[in-house]
K.L.:
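Have a look at this one before I ask anything.
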Amino acid sequence: MEVTININGTPETHDVEPRLLLVHFIREKAGLRGTHWGCDTSNCGTCVVWLDGKPVKSCTVFAAMADGRSVRTVEGLEQGGKLDPVQEGFMECHGLQCGFCTPGMLMTSRALLDANPDPTETEIREAISGQLCRCTGYENIVRSVRWAAEKEASTEEVTA
Amino acid sequence: MTTVEERPHTGFGRTLRKEDVRLVRGKGNYVDDVRLPGMLHGALLRSPYAHAKINSIDTSAAEAHPKVLAVITGETLKGLGLAWMPTLSYDVQAVLATDKVRYQGQEVAFVIAEDHYSARDAVELIEVDYEPLPVVADAKKAMAADAPVIRDDKEGQTDNHIFDWESGDQAETDAVFANAEVVVAEDILYPRVHPAPLETCGSVADMDPVTGKLTLYTTSQAPHAHRTVYALVAGLPEHKIRVISPDIGGGFGNKVGIYPGYVMSIVGSIVTGKPVKWVEDRAEHLMSTAFARDYHMRGEIAATKDGKILGLRVKVLADHGAFNATAQPTKFPAGFFHVFTGSYDLQAAHCTVTGVYTNKAPGGVAYACSFRITEAVYLVERMVDVLAYELKADPAELRMKNLIQPEQFPYTTKTGWEYDSGDYPKALQLAMDMAGYDELRKEQAEKRERGELMGIGVAFFTEAVGAGPRKHMDILGLGMADGAELRIHPTGKAVLRISVKTQGQGHETTFAQIVGNELGLPTADIEVVHGDTDQTPFGLGTYGSRSTPVSGAATALVARKIRDKAKIVASAMLEVSPDDLEWEGNRWQVKGDPEQGKTIQEIALAAHSSLELPEGVEGHLDATTVYNPPNLTYPFGAYICVVDVDKGTGGVKVRRFIAVDDCGVRINPMIVEGQVHGGLADGVGMALMQVIAFDEEGNHLGASFMDYLLPTSLECPSWELGETTTPSPHHPIGAKGVGESATVGSPCAVVNAVLDAIKPYGVRHADMPLTPAAVWGALNGRPIRTDLAIP
């Protein structure tokens with residue numbers, strides 16, 4: 001079946017099997033390999049992308065279900081050659097080690113800050129609790145998100 | 001507000017990671033990201049039985065699948081002499097089973113198809129006639145007279161016994177125990193767990209049919225060792241094998257060994273003449289790749305009535321699974337378990353370890369264990385708390401009384417380790433001060449009055465990392481030394497080539513910092529090349545916290561060679577004697593006339609120029625070295641965990657975790673802290689959640705992340721870190737290695753805290769994982785065995 005998904009602003013049309021998972025559409029058909037696959041059971045969250053603006057685990061969505069819809073992946077975070085503050089935050093606060101969970105963590109973090117620009121530590125921990133990281137013990141991910149929140153707040157002050 | 005542009009930085013200290021520039025953009029290159037023209041996809045058929053005879057395999061339906069190119073079984077491999085491969089412990093392991101399967105999830109057949117989905121479909125079309133056999137899932141039953149023999153493939157193997165090993169002086173230890181005022185014994189299990197990196201294992205094999213050169217992209221922590229083993233297994237000439245380990249999504253020891261899937265991708269590429277990718281799924285990963293621990297220990301501790309510890313005696317039954325595939329120095333079949341005397345000054349110690357086969361996946365030495373030091377530290381730290389329980393002593397005070405004192409270093413233990421340096425009481429005192437130990441005890445007393453359960457767990461650990469001295473340590477005959485090559489380009493930029501392989505530890509950053517520290521070059525000007533056997537010097541790879549102790553030393557020394565050569569070049573440039581020069585920051589300058597000097601960049605250009613150099617001095621500015629460590633390094637730390645236990649549910653909440661680590665000189669404190677954070681989360685996971693259990697039929701009960709529970713952001717507290725710095729006296733930069741310290745030290749702190757909380761219920765010991773069910777059972781007088789789903 002033919003499926004068209006707008007990924008990071010670019011329409012991707014491919015003839016796919018109905019059972020093809022969105023994560024495989026993104027990786028194999030659209031060739032965007034920043035979105036990772038890690039568990040098959042929706043536990044690890046390395047595959048988190050946005051579907052119509054909301055984070056989803058793309059291993060649990062069929063590509064066909066995303067037909068005609070918009071997907072944003074980690075490759076879509078950087079805008080006009082400028083990193084998203086959450087990407088900067090992860091670099092600044094050592095929020096990643098092996099980097100495998102990072103794309104999913106970044107997408108969830110961006111969604112959190114869009115909904116709640118000033119999250120508490122507890123709110124950040126709850127937001128990322130559906131995802132696993134085996135390297136960081138989560139501490140620096142929390143700090144990274146806080147760093148991004150503060151950066152965005154200070155940027156807004158300057159522009160206001 | 002700082003920016004993420006790389007700031008000019010030289011040498012040690014906090015600096016941002018070079019790796020992150022690609023990783024935060026989703027531009028990493030992991031094995032599953034590798035795409036080669038014409039690439040095919042492989043999938044493995046795995047055994048549903050833990051122990052069964054294979055009567056026949058019918059692959060015809062799979063072969064008839066329109067997108068399938070080949071189906072390979074053990075019979076096919078037998079013809080090629082590849083049905084079995086050597087393990088890292090001088091055993092053999094089936095690549096694809098021929099005679100029988102020996103654990104659930106074992107590899108039986110390999111399908112190669114045009115795409116991944118079709119390969120998986122075709123796997124389902126293979127019909128295997130299995131004849132189930134009696135199963136041994138319990139290490140304690142493996143040596144029973146009537147136990148089925150798992151390894152009947154091995155000539156002369158008539159039972160499930162693998163090895164007996166001992167360390168320490170038995171007679172001396174028995175004498176100490178015979179005369180001791182107090183002797184306490186406890187059975188302690190370190191259950192089977194799995195490292196579960198988020199990236200599973202996989203490989204892409206590309207055998208060029210014209211040149212005969214094999215390129216293997218693979219999830220390997222030890223690319224050079226893997227290349228040598230492939231040369232031995234397949235008889236491929238070693239110079240025709242290139243192993244590339246690209247970005248690795250976590251390893252933790254799981255990616256040290258060689259798995260049948262890797263070998264099958266190679267065979268697949270040879271058979272089809274095309275590149276073949278194999279990437280396992282999560283269930284395959286948890287069921288078949290290297291597990292960790294599974295140590296059944298009986299500890300005995302001897303002491304005086306006032307709490308002076310005199311001796312330790314340990315008997316271990318080690319479950320190695322169906323093939324002995326532990327990855328550790330050859331002479332030590334129990335790894336470094338004999339460091340079990342820990343951080344204490346004892347009169348005598350002795351241990352025996354017996355290894356047995358069971359119908360479970362192979363492995364054992366994995367998961368940031370520093371070659372079984374996790375088990376050793378857990379044992380001794382649990383035993384000290386058991387002693388404290390019996391003596392009604394405070395566990396922190398009891399430790400303080402028995403720690404090796406600073407003036408005793410270098411300290412030789414009763415099992416032969418020479419601890420290089422340490423100030424243990426200082427670290428423990430700092431942890432107690434950070435925790436507010438006395439106040440916590442007061443709070444606990446008040447809560448006990450009210451019937452609330454709060455626990456304070458203390459653990460102290462000594463690690464032994466940086467294997468190791470070649471005369472003592474090898475793997476499959478390969479000495480554990482590591483090479484480094486450093487080249488300074490004419491414009492003063494540098495490329496460092498190292499043998500170790502980061503899986504997230506940040507080598508591209510920290511190794512550049514080591515070079516920067518020695519030569520005064522900005523970190524940004526130093527490229528670190530690793531993970532490619534065609535581009536890097538030989539060495540045994542990254543595990544056992546050995547990268548900084550071994551390869552980091554090699555890097556410092558190769559940079560010093562460059563500095564020495566630069567001195568001669570500078571002397572020619574300045575027309576002075578080398579003896580008149582002194583090194584300052586990033587330049588050689590004339591003693592007493594610092595205006596006269598040449599920077600390393602100026603020297604690099606001159607070294608490549610027409611400048612006349614002294615007789616015997618070659619041009620250019622590059623050097624190589626091989627570092628053979630004189631001893632291991634011995635990081636240590638003091639950990640304190642505070643928990644609250646819910647009496648009604650048995651649920652444990654880790655409220656605080658204080659970790660004081662001493663890993664010698666810290667190259668990049670940010671990265672060191674990150675390493676510690678990750679290990680502490682491991683400790684919470686192993687203590688409270690993680691276990692790979694089996695039922696009586698050998699069914700694996702933890703084959704997904706819904707069954708094998710890993711800690712999330714909600715189970716982990718905000719870690720409180722402290723540090724002391726005791727440099728290693730024999731390491732060129734005084735560093736000790738830290739990658740596994742927290743995984744080694746933290747599980748016992750959490751367990752000790754939970755048992756401290758439920759002490760009023762008369763519980764002296766309970767085994768990990770302390771799930772709500774296990775804790776509730778312990779509170780209600782029903783301690784349960786956690787490694788088997790058998791009452």
K.L.:
Grab the two heavy atoms, one from A/Tyr138 and one from B/Cys716, that are nearest each other, plus how far apart they are.
P.N.:
CD1-SG, 3.8 Å
K.L.:
Based on non-hydrogen pairs under 4.5 Å, which of A/Thr41, A/Ile128, A/Leu96, A/Leu106 is most in contact with chain B?
P.N.:
A/Leu96
K.L.:
Using a cut-off of under 4.5 Å on heavy-atom pairs, state which of A/Thr136, A/Thr46, A/Thr122, A/Thr73 scores highest against chain B.
P.N.:
A/Thr136
K.L.:
Taking all heavy atoms of A/Gly137 and all of B/Trp719, pick out the closest pair and write down the distance.
P.N.:
O-NE1, 3.1 Å
K.L.:
Please give me the minimum heavy-atom distance between B/Gly249 and A/Phe100, naming the atom from each residue.
P.N.:
CA-CB, 3.9 Å
K.L.:
Do B/Arg25 and A/Val74 come close enough that some side-chain heavy atom pair is under 4.5 Å?
P.N.:
no
K.L.:
Would you indicate whether the side-chain heavy atoms of B/Asp20 and A/Phe90 approach each other to under 4.5 Å?
P.N.:
no
K.L.:
What part of B/Glu199 lies closer than 4.5 angstrom to a heavy atom of chain A: side chain, backbone, both or neither?
P.N.:
both
K.L.:
Over all heavy atoms of both residues, which pair between B/Tyr30 and A/Gly99 is shortest? Give the atoms and the distance, please.
P.N.:
OH-C, 3.1 Å
K.L.:
If I measure from the heavy atoms of chain B, does A/Arg19 come under 4.5 Å with its side chain, its backbone, both, or neither?
P.N.:
both
K.L.:
Name the member of A/Met105, A/Gln131, A/His36 that forms the most heavy-atom pairs with chain B at distances under 4.5 Å.
P.N.:
A/His36
K.L.:
Hey, which of B/Gly506, B/Gly685, B/Ala742, B/Gly504 has the most heavy atom pairs under 4.5 Å with chain A?
P.N.:
B/Gly504
K.L.:
Considering only heavy atoms, which portion of A/Ile124 lies under 4.5 Å from any heavy atom of chain B: side chain, backbone, both, or neither?
P.N.:
neither
K.L.:
Within a strict 4.5 Å, meaning less than it, do heavy atoms of the A/His94 and B/Leu16 side chains meet?
P.N.:
no
K.L.:
Using heavy-atom distances under 4.5 Å, tell me whether B/Glu673 contacts chain A through its side chain, its backbone, both, or neither.
P.N.:
side chain
K.L.:
Going by heavy atoms in the side chains, are A/Arg143 and B/Ser718 under 4.5 Å from each other?
P.N.:
no
K.L.:
Show, in sequence, the C-alpha distance, side-chain angles and deciding distance for B/Val24 and A/Glu78, and conclude whether the side-chain contact (heavy atoms from CB on, under 4.5 Å) test is met.
P.N.:
CA-CA 10 Å; B/Val24 299; A/Glu78 190 176 358; over 6 Å; no
K.L.:
Would you indicate whether the side-chain heavy atoms of B/His677 and A/Gln97 approach each other to under 4.5 Å?
P.N.:
no
K.L.:
Any side-chain to backbone donor/acceptor pair from A/Arg33 onto B/Gly28? Under 3.5 Å, distance only.
P.N.:
no
K.L.:
Side chain, backbone, both or neither: which part of B/Glu284 has an atom under 4.5 Å from a heavy atom of chain A?
P.N.:
neither
K.L.:
What part of B/Ile671 is in contact with chain A, defined as an atom under 4.5 angstrom from a non-hydrogen atom: side chain, backbone, both or neither?
P.N.:
both
K.L.:
Decide yes or no on side-chain contact (heavy atoms from CB on, under 4.5 Å) for B/Leu23 and A/Thr102, but give the supporting numbers first.
P.N.:
CA-CA 8 Å; B/Leu23 297 177; A/Thr102 311; 5.6 Å; no
K.L.:
Just so I understand: if I count every heavy-atom pair under 4.5 Å between each of B/Pro197, B/Gly679, B/Pro711, B/Ala681 and chain A, which residue has the most?
P.N.:
B/Pro711
K.L.:
Please classify the contact between B/Asp247 and chain A as side chain, backbone, both or neither, with a heavy-atom cut-off of under 4.5 Å.
P.N.:
neither
K.L.:
If I measure from the heavy atoms of chain A, does B/Arg35 come under 4.5 Å with its side chain, its backbone, both, or neither?
P.N.:
side chain
K.L.:
With chain B as the partner, which of A/Val142, A/Thr35, A/Asn43 has the greatest number of non-hydrogen pairs under 4.5 Å?
P.N.:
A/Asn43
K.L.:
Could you tell me which portion of A/Glu75 (side chain, backbone, both or neither) has an atom closer than 4.5 angstrom to a non-hydrogen atom of chain B?
P.N.:
both
K.L.:
Top residue by heavy-atom pair count (under 4.5 Å) with chain B, among A/Pro103, A/Cys39, A/Gly95, A/Cys101?
P.N.:
A/Cys39
K.L.:
More than 12 heavy atoms of other residues, nucleotides or ligands under 6.0 Å from CZ of A/Phe62: yes or no?
P.N.:
no
K.L.:
Where does A/Ser129 contact chain B at under 4.5 Å (heavy atoms): side chain, backbone, both or neither?
P.N.:
both
K.L.:
Quick check for you: to the nearest 0.5 Å, what is the distance between B/Phe657 atom CZ and A/Glu139 atom CD?
P.N.:
13.0 Å
K.L.:
For B/Ile248, is it the side chain, the backbone, both, or neither that has a heavy atom closer than 4.5 Å to a heavy atom of chain A?
P.N.:
backbone
K.L.:
I'd like to know if the side chain of A/Trp37 and the backbone of B/Asp32 have a donor-acceptor N/O pair within less than 3.5 Å.
P.N.:
no
K.L.:
What part of B/Pro717 is in contact with chain A, defined as an atom under 4.5 angstrom from a non-hydrogen atom: side chain, backbone, both or neither?
P.N.:
backbone
K.L.:
So which pairs with a foot in residues 58-72 of chain A pass side chain to side chain donor-acceptor pair (under 3.5 Å), sequence neighbours left out?
P.N.:
A/Ser42-A/Thr60, A/Asp52-A/Arg69
K.L.:
Flag the one option from B/Gln675, B/Gln505, B/Met706, B/Glu715 with the top tally of heavy-atom pairs under 4.5 Å to chain A.
P.N.:
B/Met706
K.L.:
For A/Glu126, is it the side chain, the backbone, both, or neither that has a heavy atom closer than 4.5 Å to a heavy atom of chain B?
P.N.:
both
K.L.:
Quick check for you: among A/Asn140, A/Asp84, A/Leu77, which has the greatest number of heavy-atom pairs under 4.5 Å with chain B?
P.N.:
A/Asn140
K.L.:
Kindly give the heavy-atom pair with the smallest separation between A/Asp40 and B/Arg282, and that separation in Å.
P.N.:
OD2-N, 4.4 Å
